[in-house]
Amino acid sequence: MEGSSLRDRCYRLVCKIPKGKVTSYKEVAEALGIRGYRLVGMLLSRNPEPVKIPCHRVVKSNGEVGGYIMGVDKKVELLRSEGIPVKNGRIVDFQRYFFRLK
DNA sequence: ATATTGACATTTA
DNA sequence: ATAAATGCCAATA
């Protein structure tokens with residue numbers, strides 16, 4: 001089932017982000033040992049199991065929400081439902097909700 | 001095998 | 001503040 005491809009490691013990592021927290025594409029990339037930040041977005045965009053794998057908790061490093069398969073609106077809705085305030089496409093008090101993977 | 005593709009980040013203007 | 005150029009790299013085609 002779970003292999004050791006970067007993709008699978010990426011999914012496993014994202015699953016560790018606790019509810020009510022967010023991290024960035026950059027943080028995930030670095031935890032995976034790469035600097036191809038865009039690649040993380042590409043991998044998550046092909047998320048096999050949306051919701052089960054909480055990729056909505058991964059946002060841009062500048063606090064903007066970033067994209068989502070089901071639409072950005074859905075991503076914002078999910079984040080808010082987990083207690084994360086979002087205003088004008090940005091996480092409010094980003095630092096405070098940031099989950100460090102390293 | 002090579003070429004393109006991304007839900008990004010940093011630097012520069 | 002915005003916008004463009006450049007770097008990144010596994011996955012996809």
Side-chain angles (χ1 to χ4, degrees):
Chain A
M1 273 292 288
E2 301 290 328
S4 58
S5 64
L6 197 70
R7 172 182 52 201
D8 292 336
R9 285 167 45 221
C10 179
Y11 295 152
R12 283 196 291 265
L13 204 52
V14 168
C15 286
K16 294 182 181 173
I17 307 168
K19 181 179 155 192
K21 293 278 188 180
V22 295
T23 194
S24 67
Y25 295 98
K26 178 181 179 181
E27 187 76 5
V28 173
E30 291 183 343
L32 291 172
I34 64 174
R35 283 167 299 176
Y37 314 122
R38 310 166 82 203
L39 180 56
V40 175
M42 184 278 275
L43 295 176
L44 294 181
S45 77
R46 293 187 163 41
N47 184 339
E49 307 161 275
V51 178
K52 180 176 179 182
I53 297 177
C55 56
H56 58 279
R57 296 177 189 148
V58 184
V59 303
K60 295 200 191 182
S61 59
N62 64 359
E64 289 176 2
V65 173
Y68 195 58
I69 303 193
M70 334 284 296
V72 178
D73 292 345
K74 182 66 178 175
K75 186 168 181 176
V76 171
E77 182 185 309
L78 284 168
L79 289 172
R80 286 191 174 133
S81 77
E82 298 185 345
I84 298 171
V86 181
K87 188 162 193 173
N88 298 322
R90 291 201 138 214
I91 307 287
V92 178
D93 203 353
F94 184 42
Q95 177 76 260
R96 167 181 174 152
Y97 299 99
F98 196 83
F99 180 69
R100 295 196 196 301
L101 295 168
K102 51 179 199 209

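Sequence lines set the chain letters: A, B, ... in the order given, protein chains first and strands last, and positions in each chain run from 1. Model, not experiment: these values are computed from the prediction.
One finds a salt bridge joining Glu77(A) and Lys74(A) here, because a Lys/Arg side-chain nitrogen approaches an Asp/Glu carboxylate oxygen to under 4.0 Å. For Lys102(A) and Glu27(A), the salt-bridge test passes: some basic side-chain N is under 4.0 Å from an acidic carboxylate O.
Counting to the nearest Å, the P atom of dT12(C) and the CG atom of Leu43(A) are 8 Å from each other. The interatomic distance linking Leu44(A) (CG) with dA10(C) (C1') rounds to 13 Å, in whole Å. For the pair Leu39(A) CG and dC8(C) C1', the interatomic distance rounds to 9 Å; values are reported in whole Å. Straight-line distance from the OH atom of Tyr25(A) to the C1' atom of dC8(C): 16 Å, rounded to whole Å.
Applying the 6.0 Å contact sphere to CD of Glu2(A) captures more than 12 heavy atoms from other residues, nucleotides or ligands.
Residue Leu6(A) is in sugar-phosphate contact alone, with no base atom involved, counting any heavy-atom pair closer than 4.0 Å across all strands shown. Nucleic acid contact for Ser61(A): sugar-phosphate only, since backbone atoms but no base atoms lie under 4.0 Å from a heavy atom of the residue.
For DNA chain B, the span of nucleotides reached by chain A at under 4.0 Å from its heavy atoms goes, 5' to 3', from dG6(B) to dT10(B).
A distance-only check finds a donor-acceptor pair linking the side chain of Asn62(A) to the backbone of Glu64(A) [under 3.5 Å]. Put simply, the side chain of Arg57(A) never gets that close to the backbone of Val14(A): no donor and acceptor are under 3.5 Å apart.
The nearest heavy atom of DNA chain B to Met42(A) and to Asn62(A) marks one nucleotide each, and the one closer to the 5' end goes with Met42(A).
Applying the ring-ring contact (aromatic ring centres under 6.0 Å, His included) rule to pairs touching residues 63-96 of chain A yields Phe94(A)-Phe98(A), sequence neighbours excluded.
Checking dA11(C), dA10(C), dG7(C) against the side-chain heavy atoms of Arg38(A) singles out dG7(C) as nearest.
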